[in-house]
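Lettering of chains follows the sequences in order, A, B, ..., and the numbering in each one begins at 1.
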Amino acid sequence: MTAPLDAPESAQHAEPEAMTEGVRGSANRSLRQIAWQRLKRDKIALAGGIVVILLILIAILAPLLSKLFGYPPNEFHQDLIDPLTGGVLADPNNPMGGLDPLGGMSGDHLLGLEPVNGRDMFSRIVYGAQISLLVAFAATLLCVFIGTVLGIIAGYFGGWVDTVISRAMDIFLAFPLLLFAIALAGVIPDGAFGLSGNGLRIGVLIFIIGFFNWPYIGRIVRGQTLTLKEREFVEAARSLGASNAHILFRELLPNLVTPILVYSTLLIPTNILFEAALSFLGVGINPPTPTWGGMLSGSLQYYTTSPHFVLIPGLAIFITVLAFNLLGDGLRDAFDPRSSD
Amino acid sequence: GGDGGGDGGGGGSADVAYDQGTTEIVNPSDQQGGTLRYAISADFDSPDPGNTYYGFSWNFSRYYARTLLAYNSEPGEAATELVPDLAVDLPESNDDGTEWTVEIKEGLTYEDGSEIVAEDIKYAIARSNFGDQALPNGPKYFSDLLADSDDYEGPYANASDPLAGFGGVETPDDHTLVFHLSKPFSEFPYILIQPQTAPVPAEADTGEQYQSHVLSSGPYKFDGDYEPGSHLNLVRNEEWDPESDPVRPALPDRVTVELGVEQNEIDQRLVNGELDVDLGGTGLGPAMKGQVVTDDSQKPYLDNPPTGALRYFNVNTVVEPLDDLACRQAIMYAADHEAIQRAWGGEIGGEIPTQIMPPQLPGADDSIDLYPSEDNQGDADKAREKLEECGEDDGFSTGLGVRGDRPTEVAAAEALQQSLSEVGIDINIEQYPSDTFTNTQAGSPDFVHDNEMGLSVYGWIPDWPSGYGFMSKIVDGDSIVDAGNSNISELDDPEINELFDQVVETEDPAERSEIYSQIDRLVMENAAILPGVFEKSVTYRPENLTNVYFHAGYAMYDYMALGTTNE
Amino acid sequence: MLTYILRRLGAGVLLLAVVTLVTFLIFYVVPRLAGQTTEQLATMYVGKAPTPEAIQATIDRLGLDQPLALQFWEFVRGIFVGAEYQFGRDTVQCSAPCFGYSFQNYQEVFPELVKRLPVTFSLALGAAVIWLVGGVAVGILSAIKKGSIFDRIAMGVALAGVSLPIFFTGLLSLAFLVHAWDLFPNADYTPFTENPLAWASGLILPWLTLAFLHAAQYARQTRAGMLETMGEDYIRTARAKGLSERTVVLKHGLRPTLTPILTIFGLDIGLVLGGAVLTEQVFSLNGIGRYAVNAIVQSDLPVILGVTLFGAFFIVVCNLIVDLLYAWVDPRVRVAG
Amino acid sequence: MTTPGTGQEPAASTGAAVSVRDLTITFPTMDGDVHAVDGLSFEVAPGGALGIVGESGSGKSATSLALMGLHRGTKARITGDLTVAGVDIVKTVRESEGRDKDGGPLPPKIVQAPDARLRAMRGNDIAMVFQDPMSSLHPQYTIGNQIIEAYRTHRPSASVGEARKRAVDALGRVGIPDPDKRINSYPHEFSGGMRQRVLIAMGLVCEPKVLLADEPTTALDVTVQAQILDLLDDLRQDLGMSLILVSHDLAVVAGSVDEVLVMQKGRAVERGDVRKVLSQPEHSYTRSLLAAVPRVEVSRAQRRAQVRADRAAAKGGAAPAEPAEQSAERTAAPAAPREPAAASQAEPLLKVSNVRQRFKVRGGMFGGSTDFYAVDDVSFELYKGETLGVVGESGSGKSTLSRMIMRLLRPTAGSIVFEGRDITHLPDRRLRPLRRDIQMIFQNPYSSLNPRLTIGDSIGTALRVQGERNTKLIKSRVQELLERVGLEPTHYNRFPHAFSGGQRQRIAIARALILKPKLIICDEPVSALDVSTQDQVLRLLSELQDDFNLTLIFVAHDLAVVRQVSDRVAVMRKGQIVEMSDGDSVYENPEHPYTRQLLAAAPVLDPDEARRHRAERARLRGQAQESLA
Ligand SMILES: Nc1ncnc2c1ncn2[C@@H]1O[C@H](COP(=O)(O)OP(=O)(O)OP(=O)(O)O)[C@@H](O)[C@H]1O
Ligand SMILES: Nc1ncnc2c1ncn2[C@@H]1O[C@H](COP(=O)(O)OP(=O)(O)OP(=O)(O)O)[C@@H](O)[C@H]1O
Ligand SMILES: [Mg+2]
Ligand SMILES: [Mg+2]
Ligand code: NI
């Protein structure tokens, strides 16, 4: 062997350079910081986020807003309504003057009035946000909770546990969901489980939506857990003597937060639509509590005299769902390690 | 779609006028032929004449089911007079009104050519009223009224002789029926116009499934089977003898019914001339109504007849604190009738009543006005007084049940809720599906009590045009039942109950009218029913529909009279 | 391969069995858990004259007082061997698969379902073709021209599409496209065999409405999948071979992109076949979805059960087909099984 | 062997197969521009072979892709002149005349070859073999389809049958057995080495002038690596292609190329004849690269001596972190090989007897599963203070064995006795306290640390799960240890992604050490690192073993690495230990033919030696063939 090598310099290159090398530039920021920077540059997603925040504020501040800019959501203004057609009069002093094509939108009633009883649309939309968001958020929370716990358990333990949970997911996915939800909302009687009225109905809605949508999150979490489980840090934790619970909730869960967050943001709009669809089909909240889906379902009757009554709740749903989708898309892109910029 | 004959307005309007059909025959004609097209957004409860309680179904079933008696086929007040149909003449009663005898015409046949005999009518009454397998939908007047039938278990209990033990109806020969009543009932002939008296031969009966193909005794027969949710088509029944029939001109050659068509769609097609009649008879939906009532070219095609219905709120007399009369009266005073009327469609949707009997009924007295208020908008001061009187100075709260799939009723509920809130009465609206409402929720006193459903939105149409036909089910204390209850107020006033017992024995119609007025007043005094509107519908009468007039007995167009200029 | 098919089939059947059980439990047990008595249950199905006798008769007829296991057994037996029902003095044979008779209109459930199938089928398949072809095509174009005007507009529309409730778009198109402006014929079902043209023109609006939502979703998925695939190493290999960009995209990029789309498609089409509830409702099409909704508002249990199972059946079958197709599209699955 | 093109400045001779001048490649990123390649020039003559060597991130792949024109359509900015087989992929035209507004020289104009021209060149004139054979083939098409496609793209007139024949030929050429059958297989039916061959066959099918191989063997075993390198060499000889071989390991390229280009941070630091560069490296970076390459011919004793000497020297400069006395003692220790403690100690620390590990493998016609023994009847003893090296090719059961000893797996048969206590069947709960004594360092520094935990937490977890509640104490212990493995205590709150691979491996070592274990199992702790980093980590381990008196099991597939750290070496194959004895004798007098095969496959730095090894391998293969015949 003729290797001309008796390199004495080997010590020189050891520590210092390697030390700084790793702690450089972009690597120094955590994924969350990177994501935040990306998000900040994603104007559209940011707009979505701002709308979402506004919507939440609107829902929370509904009483204040309707006091400031509208009328109580259940107050009638029939003096402004044409008794013959139920539409909103252009000029209440002149009943012969015909209907207002804008449905009474004015500085007084920002979004006009409901036909027939003349309730203030602005207040009802604002209050409607409460139910829509409450149901959507709570249902999402429930999905996420069930989905995460079962998904992580299925993914981590594998074997028959996984088989059982995965089959359960298949079963849930195999139900004609919407049908089933309506049917279930129908068979649950009034006043059950210690609840009644709208409390029960909201509870039932949340339960149904949450309970039947969990497999979507569950699948994602399971998939992620499966890949995470293969990572050596899980074995490392085990070899340090960590219990399963520790591994599941202290080691794996933090890694799942991001996908869960992202998919929750994308699940919320689905749930909003779902709630609206249920309300539309008549298994929603009791009147006079306003919900968007309920308003929309009642509005069809008046599309000739009061087109705004169809459009406004529709747009409210649309804008909300769009905003959540935009934000969700943005979050997903921002957290995507593959996206280059 | 708006793709067919869209020139519904304009030129032709010279000879027709707004609301003309309510009082007279529009486009009189005796021209036969064509297809008469019906559609409805809902469905029959059943087209089986023995198993139906819907007004339109009673009206429509006459196409293929002749009954013992019928309403007179004329516009105006004469419509509620009775004429014989299968019967040779109006029934005769014995002195105390407990035995009624009817002869039926000879030589009448079903669509298959077999003869219609008295026993078939008896059988039809048996299957629809008796035994635990009695057809579920129709009224049960016969089982209430007929004597000697308590032990009869219905036609299915005894396979060889279905009518064994059914003593309430006697058929001394093939063309005579004798009804034995357990108590006098002066309005019994009205019961005999009900479709339950249409003959059904025992061998043809297939229980609830008889609806698929009813054996016709009328001018039309089923063309194919009845398909629930889809369609029912009729064609001429050649076995029908026009000479024997005083009420059915039978103009069209074919009759079609489309089921489950969206209301907006029906209205649109009516206006476009793609459809002739909205079978439900409840009139245009708000969308089209809003459009046409303001359109002068369309207005002549509209009628605005009363539907015969009272739309009202039950004020329960048992649920606290409404068990206190003053509390109920507070509600009567506080209600804003104008707002409630608007919910039901404003002036064209109905008139504001002050009593419960619709004005068309004999004995209706609009001078009863116990809870007056300025502009009908409610009298809050009086209401507060009454609240104090019943010891609920700050108001109280109670539930209000409503059929969630009926937007106008929901709107009415909201309107009442709104006006009551002004005197501190707090209403929690609960929605229920209309299909279960009458049986299991509002119709179940237990449910009403458990859920403190002090109020509920309801409507009532007389089974026949009399005070008894209208009120007995909803205010007679004796008609309170555990399920399917219609006296939802649970009004059990001895005085009223007594008057009902008295009226069925009274033979003189004028005297009866007098008693009905008394009952009406008592109900209002009891504040058990808060009347909403005497409903009116806005119906569209397409240009090519002939012989159209509003029939007071069914409170819709007389379907038997209708003809068409369609192909 | 054969074992794979058999295994998947077995799993499908098992899945259906469990769905049956769960559906049954939910409709028969949940109301009881929520405090309904046998009488109250029966009252819902007794018709308009709920006399005590009639209620008792209903309980007997439906076997509501029987032990649940027995009721379930009867139900399952009906599906496999049929059952007999008493109507008036008639004994009617309800042949397998028998889901019983509607409580509301006394029609045998299964034939009713089958009768409505062509409507739902026509609606689903037509819409599926539109959304699959349209969505995927737009998705691919968008991915290839990432960042272009086309991409932006297409993705904007797609985002709006997934954010619009179908009943809203449906209602609007009915109100405006059909009634106000007369641009489209109204939704209406004519059997294809009767008049193909009328069939298509009657369904065009429901197709478009239903397809719009899904197409939007597919376009987004396809685009994302395509972008991901185009970053794979084997695409680089394909380029390094000197293939034209067209071949790279259409041959090497498309197939892996479509593979996951296939899975979603299986679920979606299965769902829609089980009743496009909202679409059928909005356009008054007499399909399975509408049948279901009506049954539900009328608490017509046999129909509800029948429809749910029918729907689940389609989902399971479609998933099965997709699984098998998957094995064909993606050779790796064949061994993994 | 003549080496064309030895001139210092690459003459822009028209004859060159590849000529690169002044190449710069810049990636715009969020943190500003990354200059991946910066002023690189080289040239490869027709039939010549160039090796490009450099540490990770030095710009090797970026350069390769540029040669294929594969940066087209990405954000990368390329300037310079790039000519491949006569095609000007990129040409920079500087206009001498014009001036821009500010009077500066006009920015150079970049002329790029049209896409069609590029496509005609790719695969036809220059073919590329990518680093990762697993992901570089389309999983949904048969390999035949993919190869035929490559051929027909450039020979559109060829019939399918003809193309197929070419493909079969090419597959045969690269040594795929039964090529006419295997042509219908899908990639997943092939092993990594075979896939790499398929990729090469795909490259060959159009008989290109240049073959560009970007780390073609990094993902492969030594034996397979040797086969692939041999194959490339053969092809080059037979077909007269030029070869550009890219690697981070000088030893890999040594035997296959004429010329080497050493890259660092996007620049060429040294370039020249392979012999010259290896024997007289001019640049210090080259020297350090060379020094870092573990050499199979250096014995454990030599290596230890050297490490200790380096350490002492470093101490002399820096402030001593330890008591002088201690370190003096260690420096004074004789550089002779440490006596294996085996003989003197009666009780082994670990006694593994006849362990087997069975896995069920799905498959078979009826969905049944077959048994498969990943570890099959392995026994050995390990004494305190000793290091046992375990070598073997991929899949030979090394990791499975490690995981059994860790009791992450429960052995199917046999027993594992640790400190006289049988732990074979201890339940998880009872095992937990024992975990203090046995620890493991994992192969992949990128996946062995939880990305969502700060490294402080990651290391501290060990104490926490073992019942320590005092957070202050945990923190101080962790920080102490961080310092010990050469990191800073302030790194405590950083997340793993902020560290390089080498640093992460240090963190992993700290985590293994914190419980003061008696035995550490290192499962290929350095195989994911490039040579320079690998060297650092090995040194650290060696130091720590001295300081903490550790007993080690050191698993690796790299013979050289194992030799440098192990007192005894066990060679594993197919789940069994085929040879085990003290380190040097395994290397100097291998008994088992498999060991010999492994040794022959190990890359060596001396080009001549490498060629001898190649000849030896050819001979061994010939033998095997004969014995088969
Ligand atoms: N698409 C890109 N965007 C931004 N930076 C890039 C991109 N591709 C490569 N780089 C950067 O360019 C530099 C050179 O990368 P390159 O892949 O050529 O390194 P390499 O020498 O091949 O390393 P390895 O041995 O790890 O493969 C690295 O710093 C890398 O981070
Ligand atoms: N959980 C498992 N199920 C089935 N087979 C397995 C499992 N784990 C490992 N094997 C198989 O056991 C054999 C030995 O695997 P092991 O990981 O021990 O090899 P190795 O020598 O560590 O290889 P490498 O150098 O690639 O890490 C391989 O063929 C592998 O496929
Ligand atoms: Mg590289
Ligand atoms: Mg391993
Ligand atoms: Ni129309």
Is it the backbone or the side chain of I438(D) that comes under 4.5 Å from a heavy atom of chain A, or both, or neither? backbone
The reported gap from CG in N255(A) to CG in L453(D) (rounded to nearest 0.5 angstrom) is 7.0 Å
Find the one option among R407(D), R504(D), R429(D), R511(D) whose heavy-atom pairs under 4.5 Å with chain A are most numerous. R511(D)
Does the Q439(D) side chain pair with the main chain of S239(A), one donor and one acceptor, at a distance under 3.5 Å? yes
Taking all atoms of both residues into account, what is the closest heavy-atom pair of A236(A) and S448(D), and its distance? CB-O, 4.2 Å
Which region of L408(D), side chain (C-beta onward) or backbone (N, CA, C, O), has a non-hydrogen atom less than 4.5 Å from a non-hydrogen atom of chain A, or is it both or neither? both
Evaluate the side-chain proximity of F233(A) to S458(D): yes if any heavy-atom separation is below 4.5 Å, no if none is. no
Any side-chain heavy-atom pair of V465(D) and S243(A) under 4.5 Å: no
CG of L240(A) to CG of L515(D): how many Å apart, nearest 0.5 Å? 6.0 Å
Greater than 12 external heavy atoms within 6.0 Å of I44(A)'s CD1: no
Are there over 12 heavy-atom neighbours, none belonging to F249(A), within less than 6.0 Å of that residue's CZ? yes
Looking at E235(A), H246(A), E251(A), which has the largest count of heavy-atom pairs under 4.5 Å with chain D? E235(A)
Under 4.5 Å to a heavy atom of chain A? For R436(D) that would be neither
So which atom in R231(A) and which in S447(D) form the shortest heavy-atom distance, rounded to 0.1 Å? CD-CB, 3.5 Å
R435(D) and R238(A): which non-hydrogen atoms are nearest, and at how many Å? NE-O, 3.1 Å
